[in-house]
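On a predicted model such as this, the values are computed, not experimentally measured, just so you know.
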Amino acid sequence: MRLPSRPAVIGAITVLALTACGTGTESGGGSVTLTIAANSISGGKNAESADWIKQWVIPEFEKTHQNVKVLFQPSGVDDEQYKTKIALDLKSRTGADVIDLDGIWVGEFAQAGYIKPLTEVGGATVEQWEGWAQIPQAVQGLGIFDGKKYGLPQGTDGRVLFYNKTLFKKAGLPETWAPASWQEIIDAGAKLKSAGVPTPIQINAGTAMGEATTMQGMLPLLAGAGSEIYTAGKWTGASQALKDALGFYQQIYGGSGLGDPRLQQEAKGRDKSFAQFAQGKIGVLAESDYFWRSVVEPTAGVAPMKDRDQVVGYARIPAKQAGGGLRGQDFVSMSGGAVRVLNPFSKNPKLAWDLLAFMHSAAATKSQLAGQARISARSDVNAEVLTADPMLKYIADEVLPITAYRPGLAVYPQVSTALQEATAAVVSGKSADEAAAAYQAKLEGLVGGAANVGG
């Protein structure tokens, strides 16, 4: 998962020289040239994606569109540099026809007028695309801004509660754990503590954990309290939902001994929490499926657990109480990921949509996975390729339909930091109300005043 970019890139590009890369154009002999841009390059950054575009997408699309030539514009730079380059291209009404964007940038680009809703660019056939039925509504949200579809989601992820079954057995807790409320998490933590588990619960907090605090902690908790950080044009301030989320942190870190406050303040605290979970010292840990795939993976993980499949359990994150979550849900999650958008200034917008839709077809999605068990945006593909990995299948089947996404607005990274600071305040001893009030004051300064903040 790529982390959100620093803000104000789009606002700053007016002082930069404009560059042109050329949209898809008619050329001699009646043929058409379309272009794809992505921050990937063979032999370098995201090489697998670049190779897939060059070796599979282009030749396969050209087979069925014999008068179309497709070119790839690779990049292999820092995400911020790529973002600036794409913004410059679109500002000058040039650039590739199909463009990769981090989902966190969609709102910012839409507000700047650099991208338009897919139907405005590709026409009526966009809504008739077969793929919409295969992408859960919640996952479509990665490419949606202000209720309109701007992009097609690529792969995504989901957040759950991981737990150690061995420690649960020691504490007299069920091997198949499915907490239905926040109180049930706290109750499990208390039993783990009584059984001598050093750190019963690990919910990322503080600024040292960075965006992991926001995505694994505050945003799922806000969703569990029935709220989002940005909704209906306003940012969520010191609301009851925010106080509830901070109150949950206070229950864990405010002297109960259910969590380790020092771990949240260490520079390498997240890495240490991974190692401690693998060593059987942490009972419950909130993380994305990255934790399963890359951290405790038995052979090549960062903190490998040879007995992962037998010892590590996973459960959905419950709402504060049943029905109390976002959209009236019993369970919640947060996801990240990338999207592909259409250049609104393409000279061949309908053909560009055909190319974009083709890149997100079942055949293309399976080809891009190249035999790996990874979560895609398409349910039909997930059903086929995730059968060998029950955890990833669980994310696809149980978590993606209930997930939510960060707002793709330029100021979000600063708001995220303010949320992290609010959790840090609670971990260091402040009350949830005090931390919420300080967050509200900081938020108003970031988003242009109290008029842009909701209760």
Side-chain angles (χ1 to χ4, degrees), residues 1-7 79 102-108 141-142 156-161 182 201-231 234-239 241-250 252-253 259 263-267 269-271 273-274 285-291 317 325-326 332-337 399 403-428 430 432 435-436 438-440 442-443 446-447 453-454:
M1 179 194 73
R2 286 177 287 184
L3 296 183
S5 62
R6 295 183 298 276
D79 285 354
D102 193 328
I104 196 68
W105 303 340
V106 168
E108 187 180 350
L142 183 58
T156 188
D157 60 7
R159 277 142 190 83
V160 295
L161 298 175
W182 291 0
I201 301 172
Q202 167 59 27
I203 305 289
N204 292 344
T207 55
M209 299 268 187
E211 186 64 10
T213 288
T214 316
M215 279 294 274
Q216 268 81 267
M218 277 302 294
L219 295 186
L221 288 170
L222 261 182
S227 183
E228 291 183 276
I229 192 59
Y230 180 84
T231 184
K234 289 183 183 289
W235 293 90
T236 297
S239 63
L242 186 99
K243 291 176 182 176
D244 287 347
L246 291 172
F248 185 74
Y249 272 101
Q250 194 171 354
I252 294 170
Y253 296 112
L263 197 60
Q264 317 314 312
Q265 297 163 4
E266 293 184 21
R270 190 179 180 211
D271 292 341
S273 74
F274 292 162
L285 181 143
E287 259 294 343
S288 77
D289 55 86
Y290 158 80
F291 181 75
I317 301 169
L326 191 64
V332 298
S333 189
M334 291 297 299
S335 297
V399 176
T403 199
Y405 293 89
R406 296 167 292 187
L409 296 168
V411 74
Y412 167 77
Q414 292 171 275
V415 174
S416 176
T417 299
L419 285 171
Q420 295 160 34
E421 290 168 349
T423 66
V426 171
V427 168
S428 63
K430 293 276 177 61
Y439 167 75
Q440 169 93 19
K442 180 79 178 282
L443 181 68
L446 290 173
V447 302
V453 175

Any side-chain heavy-atom pair of Val399 and Val160 under 4.5 Å: yes
Gap separating the CG atom of Leu222 from the OG1 atom of Thr231, nearest 0.5 angstrom: 11.5 Å
Spacing of CD1 belonging to Ile203 relative to OG1 belonging to Thr423, to within rounding of 0.5 Å: 11.5 Å
Reported CG-to-CD distance for the pair Asp102 and Glu108, which is rounded to 0.5 angstrom: 10.5 Å
Minimum side-chain heavy-atom gap Val427-Gln265 below 4.5 Å: yes
Test side chain to side chain contact (heavy atoms under 4.5 Å, CB included) applied to Tyr253 and Leu263, step by step: CA-CA 11 Å; Tyr253 296 112; Leu263 197 60; over 6 Å; no
Worked check of side chain to side chain contact (heavy atoms under 4.5 Å, CB included) between Leu242 and Leu419: CA-CA 10 Å; Leu242 186 99; Leu419 285 171; 3.8 Å; yes
Inter-residue atom distance Ser273.OG - Phe291.CZ, 0.5 Å rounding: 7.5 Å
Leu446 to Val411 - nearest heavy-atom pair and separation: O-CG2, 3.6 Å
Interatomic distance, Met218 atom CE to Ser416 atom OG [nearest 0.5 angstrom]: 10.0 Å
Side-chain ion pair, Glu211 and Arg270, N-O less than 4.0 Å: no
Parallel, tilted or perpendicular, as decided by the 30° and 60° cut-offs, for the rings of Trp235 and Tyr412: parallel
Sidechain-backbone polar pair: Asp157 side chain, Gly336 backbone, donor-acceptor under 3.5 Å: yes
Glu228 side chain reached by Thr236 side chain, heavy atoms, under 4.5 Å: no
Beyond-backbone contact of Asp271 with Phe274, side-chain heavy atoms, under 4.5 angstrom: yes
Side-chain touch Gln264/Met209, heavy atoms, less than 4.5 angstrom: yes
Side chain to side chain contact (heavy atoms under 4.5 Å, CB included) between Leu221 and Tyr249, worked out: CA-CA 10 Å; Leu221 288 170; Tyr249 272 101; 3.6 Å; yes
Student check: side-chain heavy atoms of Val426 and Phe248 closer than 4.5 Å: no
Side chains of Pro407 and Ile229 in contact at under 4.5 Å (non-hydrogen atoms): yes
Min side-chain heavy-atom separation Tyr439-Leu246 under 4.5 Å: no
CA sep, side-chain torsions, deciding dist, call: Val447, Tyr230, side chain to side chain contact (heavy atoms under 4.5 Å, CB included): CA-CA 11 Å; Val447 302; Tyr230 180 84; over 6 Å; no
Polar side-chain atom of Gln440 near backbone of Ala238 as donor-acceptor pair, under 3.5 Å: yes
Non-hydrogen atoms of Arg159 and Met334 that approach each other most closely: NH1-O, 3.0 Å
Thr417 side chain to Glu421 side chain, donor-acceptor N/O pair below 3.5 angstrom: no
Separation of Asp244 CG from Ser239 OG (nearest 0.5 Å): 8.0 Å
